[in-house]
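To start, I am sharing the structure in question, which I have written as structure tokens.
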Number of protein chains: 2
Amino acid sequence: MVTMQDVAERAGVTKQTVSNVISGRVAVRPATAARVRAAIDELGYTPNLVARSLATGSTKTVGLFVPTVGGAFYSEVVETAEDVLEEHGYHLLLCTTRLDGERARRHLAGLTSRSVDALLVAGDRDLIDHLPLLADARFPVALCAWETDAPVDFPVVTIDYEHAGFLAGRHLRELGHERVAVLTSPDHAPRVAGFRRAFAADGLTVPDSAVHIAAEPSAAGGYAAANEAFAADPALTAIFATHDILSPGVLEAARAAGRSVPDDLSLVGHDDDPEVRSGLGRPALTSVAVPTRDMARQAVELLLRALTKSGTVVNSLQLLRPELIVRDSTCPPRSARA
Amino acid sequence: MVTMQDVAERAGVTKQTVSNVISGRVAVRPATAARVRAAIDELGYTPNLVARSLATGSTKTVGLFVPTVGGAFYSEVVETAEDVLEEHGYHLLLCTTRLDGERARRHLAGLTSRSVDALLVAGDRDLIDHLPLLADARFPVALCAWETDAPVDFPVVTIDYEHAGFLAGRHLRELGHERVAVLTSPDHAPRVAGFRRAFAADGLTVPDSAVHIAAEPSAAGGYAAANEAFAADPALTAIFATHDILSPGVLEAARAAGRSVPDDLSLVGHDDDPEVRSGLGRPALTSVAVPTRDMARQAVELLLRALTKSGTVVNSLQLLRPELIVRDSTCPPRSARA
DNA sequence: CTGAAAGCGCTTACAG
DNA sequence: CTGAAAGCGCTTACAG
């Protein structure tokens with residue numbers, strides 16, 4: 001392999017001068033700089049990043065932990081993180097934790113060994129117990145996409161999920177709905193709380209009997225949960241599904257039950273998942289859109305800022321505001337029309 | 001940061017001895033080894049991987065290029081690659097190329113600088129033009145998930161897509177179908193060729209007019225392409241969709257056209273995508289399942305083998321066999337029943 | 001079984 | 001503006 005020393009000899013200078021023309025941090029006489037550059041081209045020299053890392057103490061890579069890489073949400077997080085990192089000349093070291101705490105712990109331990117300049121941990125369900133391992137990390141750490149129990153020891157950039165639920169609830173309230181159901185997952189408590197707050201603002205209560213946990217995050221899970229909701233309250237006029245992945249199942253269950261959407265049943269989703277947004281002969285979904293890319297970008301930039309500004313991380317909680325996108329799956333209940 | 005030297009002083013030995021007990025490659029007297037280990041624990045020492053990399057010339061990380069990280073197929077590739085790497089103590093450096101050749105080229109150039117021990121390139125559509133950049137890479141390179149024009153300069157581990165198409169075609173032929181259509185993408189030529197081969201074996205031709213390119217890989221794309229196929233040949237009795245992502249749209253189009261599946265129309269998919277496999281009130285999909293995980297595992301292991309066995313890469317093309325999974329969306333055509 | 005030496009390829013002050 | 005020196009933290013032969 002061709003080294004900086006080789007280039008130096010070829011150009012008739014010392015390797016420090018080569019280093020200087022490459023880094024550009026020290027002025028070099030144009031003539032010798034040109035000679036150096038010529039030598040670099042002729043030899044096809046490319047700097048050894050590992051040696052540079054050892055000398056500078058920076059690897060120019062940041063680690064990203066995500067529960068999984070499949071699915072619209074986390075794949076956006078990964079791709080956005082990569083984009084931002086690339087803009088700043090950083091590489092991405094990826095670890096998918098698969099909701100497996102032990103696996104996460106192993107990876108965490110691996111990173112501690114100084115192969116990463118900073119670490120972004122996305123998603124909350126798995127490695128919360130192992131976060132203390134990071135307390136004395138030698139590099140900045142930030143968290144994103146955290147919904148419940150955001151740890152206070154690290155900066156967190158996430159979605160205001162409570163507000164997301166509120167937006168869904170307020171929309172249904174404004175349309176005049178009173179008997180509603182929520183289809184959700186155990187991890188989405190804040191969304192449910194926000195939804196309830198919207199109803200509480202009008203003196204209405206969303207009882208526990210109207211909140212149904214979907215057995216799995218899929219169309220099938222949504223289908224079963226919707227039927228459960230219909231059984232629990234045949235008079236309901238609207239449903240809030242706390243993730244869009246459930247929505248196709250809800251629509252199908254409505255069709256099977258002879259309820260037309262939105263005339264007999266309004267449906268508000270969450271995530272604005274593009275894959276389920278338009279349903280082919282089904283109404284386009286009203287949904288709460290979360291600014292996933294903004295979130296990922298903010299989180300990575302926070303980390304990168306900490307890297308340049310002498311490691312000062314401001315420990316803050318940043319909540320990005322979701323937005324309600326009204327489409328065709330919601331309208332006033334029959335009682336409010338007539 | 002605590003260094004090997006610190007541990008050595010604490011244990012009253014030199015750093016070489018510490019290195020020896022850590023690596024285990026040179027025998028150390030049990031008593032002193034114990035003292036070293038104690039010192040490591042007390043100091044919380046963890047070796048600096050960058051320094052080790054510079055000394056050994058190995059970074060213990062392999063790069064993975066994928067077009068995207070979303071979608072069932074590539075997310076499986078990524079997660080499997082990560083699993084295999086982890087088993088062998090390697091890290092994953094991820095680059096998503098987004099079907100953007102220029103972006104891929106930049107990343108490629110970045111990696112050349114020796115921060116990766118090996119490179120796996122998955123997917124074919126984007127960086128085929130830039131592959132020559134890798135010709136003189138200083139690390140082993142392998143390709144996977146390549147469907148068309150697999151380069152001959154690198155080992156390739158991929159799916160036998162031609163055989164996949166053949167399996168779909170043979171299945172329909174065995175059921176007795178003669179008038180069929182193919183819904184596909186420009187990248188899936190081998191699948192179409194294999195499908196045609198199955199018909200050709202019985203002296204039948206699948207005309208170009210029966211092959212429809214879906215405008216986009218989505219349910220909507222499948223919907224439109226299916227309607228096109230119905231218009232082109234109202235008498236068709238079966239459809240082969242070369243990726244499952246089209247299938248929900250095909251089913252919906254069939255429903256809209258009053259064709260019941262499988263009675264009036266058989267449908268064979270490809271990929272066995274779990275997300276569309278079971279359709280809630282729709283027939284479960286007959287599909288050609290591709291061994292994605294096996295493929296990714298083989299490719300990574302090939303690379304890892306090259307790394308240990310003194311860089312000897314056997315330049316071969318390995319084709320993994322797909323498998324037909326018969327479910328409820330196919331049956332003999334009416335003409336063959338009665 | 002343990003220590004002294006050299007080296008991996010770069011960068012960073014520091015002289016000239 | 002350019003060169004000589006030291007150092008980043010490890011590993012790898014090589015003596016003892």
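Chain A is the first sequence line, chain B the second, and so forth, proteins listed ahead of strands; every chain is numbered from 1.
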Exercise. What's the NZ-C1' distance between A/Lys60 and C/dC10, to the nearest Å?
Worked result: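 Answer to the nearest Å: 15 Å.
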Atom CG of B/Leu49 and atom P of D/dC10 are separated, to the nearest Å, by 10 Å
Counting primed atoms, P, OP1 and OP2 as sugar-phosphate and everything else as base, the B/S/- map of nucleotides 11-16 of chain C against protein heavy atoms under 4.0 Å is BB----
Comparing B/Leu54 with B/Thr14, nearest DNA chain C nucleotide closer to 5' gives the residue B/Thr14
Would you kindly give the CG-to-P distance between A/Asn48 and C/dG9, to the nearest whole Å?
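After rounding, the reported distance stands at 7 Å.
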From CD1 of A/Ile40 across to C1' of C/dC10 the rounded distance in Å is 13 Å
Check: A/Ser316/A/Gln318 side-chain N/O donor and acceptor closer than 3.5 Å = no
Practice prompt. Given side-chain hydrogen bond (donor to acceptor under 3.5 Å, both in side chains), test A/Gln5 with A/Thr3 step by step and report yes or no.
Written response: CA-CA 5 Å; A/Gln5 181 65 43; A/Thr3 165; over 6 Å; no
Let me have the donor-acceptor pairs involving side chains of residues 27-37 of chain A, under 3.5 Å, with sequence neighbours excluded, atom names and distances please.
residue	atom	partner	partner atom	Å
A/Thr32	OG1	A/Arg29	O	3.2
A/Arg35	NH1	A/Ala11	O	2.6

To the nearest angstrom, the CD-P distance between A/Gln5 and D/dG3 comes to 11 Å
Stems with DNA chain D, 3 or more Watson-Crick or G-U pairs in a row (under 3.5 Å), are C:1-3 with D:14-16, C:5-12 with D:5-12, C:14-16 with D:1-3
Checklist entry - Between B/Thr17 and B/Val13, is there a donor-acceptor pair closer than 3.5 Å when you use the side chain of the first and the backbone of the second? => result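 No: the side chain of B/Thr17 does not pair with the backbone of B/Val13.
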*asked:* So that I can tick it off, tell me whether B/Asp83 and A/Arg98 are bridged by a salt bridge, with the cut-off set at under 4.0 angstrom between side-chain N and carboxylate O.
replied: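 Salt bridge: yes.
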Side chain to side chain contact (heavy atoms under 4.5 Å, CB included) with B/Met295: of B/Val290, B/Val157, B/Leu319, only one passes, and it is B/Val157
task: Round to a whole Å and report the spacing from CE of A/Met1 to P of C/dC8.
output: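 It is 12 Å, rounded to the nearest whole Å.
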(Q) On the nucleotide C/dG3, are OP1 or OP2 found under 4.0 Å from the side-chain N or O atoms that B/Thr17 carries? (A)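 True: B/Thr17 side-chain N/O within range (under 4.0 Å) of C/dG3 OP1/OP2.
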Indicate yes or no for a side-chain donor-acceptor contact from A/Ser75 to the backbone of A/Gly71 under 3.5 Å, with no hydrogens or angles considered.
yes
* Asked: Going by an N to O cut-off under 4.0 Å, is there a salt bridge joining A/Arg106 and B/Glu86?
  -> yes
_Run the side-chain hydrogen bond (donor to acceptor under 3.5 Å, both in side chains) test on A/Glu79 and B/Thr68 for me, step by step, so that the C-alpha distance in whole Å, both residues' side-chain angles and the decisive distance to 0.1 Å come before the verdict._
CA-CA 8 Å; A/Glu79 297 196 350; B/Thr68 172; 2.9 Å; yes
If you look at every strand shown and take non-hydrogen atoms under 4.0 Å, does A/Ser53 touch a base, only sugar-phosphate, or nothing? nothing
